[in-house]
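Hydrogens, waters and symmetry mates are skipped; everything else that's a heavy atom, side chains included, is used. Remember, it's 1-based here, ligands and their atoms both numbered in the order they're listed.
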Amino acid sequence: MKYNFDALITGGGASGLMCAIAAKRHDPKLNVAVIEKNERVGKKLLSTGNGRCNLTNMNISSDRYCGSLNTEKLFEKYDAEYLLTVFKSLGLLTYADSEQRVYPVSRQASSVLDVLRFACERYGVEIFCGEQIKSLKRENGGFRIKTAENEFFGRKLVIACGSKAAPKLGGNASGADYLKNLGLSIEPFKPALCPIQVKSGVLKSLKGLRAAGMVSLLRNGRAVKEEKGEIQFADGALSGICVFNLSLYAKSGDIISIDLLPDYSEKEIYNILKKNKELFAKQTSDNLFTGILQKRLAQAVMKQSGTSDFSLTCGELTDEQIKKAVKEVKGIDFPVTQLSGFEQAQCAKGGVRASELTESFESRRVKNLFVCGEAVDICGECGGFNLHFAFVSGMIVGEQL
Ligand SMILES: Cc1cc2nc3c(=O)[nH]c(=O)nc-3n(C[C@H](O)[C@H](O)[C@H](O)COP(=O)(O)OP(=O)(O)OC[C@H]3O[C@@H](n4cnc5c(N)ncnc54)[C@H](O)[C@@H]3O)c2cc1C
């Protein structure tokens, strides 16, 4: 079949669906189509926030993002309240948790997708699923897309295909590839918000363990980024939200240093360990952190501090050994080898460079071509920042169509 539309939106994810709704709300007469390669729209959206969808954050600010796009001005208007007003008008009730992360009150990502899907239906957005794009070309000031079954012409085109992150949920580089073919400059995708692979003699013994602490990303001895939270010790890698946030900045050669007792100073810990030396005098030295750290973690800290002879008793530990244990618990180091791959990444850095786009995300080079969501070179931290950008950029583009 051959179709003619005012606007074609490739990608029925967070940004594409919001873009279609905004376009129809802005101009109900517009003929808008969403072309989605999956059998249904919003597959990734359903997996977000552990199935609960952390759709925005009450503290949206540009310093929670990296990439070539400067969002400072954008977020002055398009903050969380703006987005939540839109979602409320679509029927979604939300709440913010103690860390200001916003979720639907239903605690189900499907509620977010449902209000978007039903709005598309209500406003008359045409959705084509299971469409594999074979070719995408400029034609007569517009764009022609051919899929295995159909042919679409649109006066305007929106690339809302996301990034390469999470390929099982539809992630791929096709959006960036289309844009590259249309002459736009692209920053290659790199995995982000993912576990960080590290090498360490003690990591194997910690596998499966979770601990609270402060993680610092060190480069040439200086902290690039610090985060407090739960660290997960995995197979050859560190994981957890705080580690994911470091992954936005980490590269091979950096060091992740974990402070396992961030609420205590070195002096306080020293005094506690001196007391423990007496309390647990007859126990083996790996019991020095009894009542403070999980056993396996305590053993790793002692080992890293040089006390690997656990036949010593706590009472036999020298002052020097206790001081080294203090240093280690305040900064146990894991050298970074690389980031985990796209399969484990929630997002990707890279995409179309900001210099290619106007403030309303239209291409400066190719008239009537727009980009929104993760296809743009911007990536936020965990906490609702990426969906926020996907939704608001989709909205801004929709209003231009
Ligand atoms: C497991 C997981 C959990 C996450 N949790 C959160 C969270 O809680 N909060 C948060 O803010 N962010 C979260 N994110 C990130 C967030 O999901 C993305 O940043 C956001 O979905 C990006 O929106 P988008 O519209 O750009 O891309 P997507 O939502 O990925 O949508 C792109 C759509 O385009 C389709 N597509 C791709 N290529 C083509 C093509 N060639 N033709 C047609 N269609 C195509 C895809 O199938 C997809 O449906 C999470 C990501 C993952 C993987």
Applying side chain to side chain contact (heavy atoms under 4.5 Å, CB included) between Val326 and each of Val301, Leu261, Ile269, report the one that passes.
Ile269
Among protein heavy atoms, which sits nearest to atom 17 (O) of ligand 1, and what does the distance come to when rounded to 0.1 Å?
Thr48 CG2, 3.3 Å
Note: Ala14, heavy atoms under 4.0 Å from ligand 1, region reported as both
Could you identify the single nearest non-hydrogen protein atom to atom 48 (C) of ligand 1 and state the distance to 0.1 Å?
Glu36 OE1, 3.5 Å
Ranked by distance from atom 9 (N) of ligand 1, the top protein heavy atom is Asn54 O, 2.9 Å
I want to check a possible cation-pi pair here: Arg52 against Tyr103, using under 6.0 Å from ring centre and within 45° of the ring axis as the test.
yes
Side chain, backbone, both or neither: which applies to Cys382 and ligand 1 if a contact is any heavy-atom pair less than 4.0 Å apart?
neither
Does Gly175 reach ligand 1, in the sense of a heavy atom lying below 4.0 Å from it?
no
Any atom of ligand 1 sitting under 4.0 Å from a heavy atom of Lys44?
yes
Arg365/Glu356 ion pair, N-O < 4.0 Å:
yes
Indicate, as side chain, backbone, both or neither, the part of Ser15 found under 4.0 angstrom from ligand 1 when only non-hydrogen atoms are considered.
both
For ligand 1, is Ile133 a contact, meaning one of its heavy atoms is under 4.0 Å away?
yes
Less than 4.0 Å is my threshold; does some heavy atom of Ala165 fall inside it relative to ligand 1?
no
Test salt bridge (charged side-chain N to carboxylate O under 4.0 Å, His left out) applied to Asp114 and Arg117, step by step
CA-CA 5 Å; Asp114 285 347; Arg117 281 195 310 113; 3.0 Å; yes
Quick one: does Phe389 get within less than 4.0 Å of ligand 1, heavy atoms only?
no
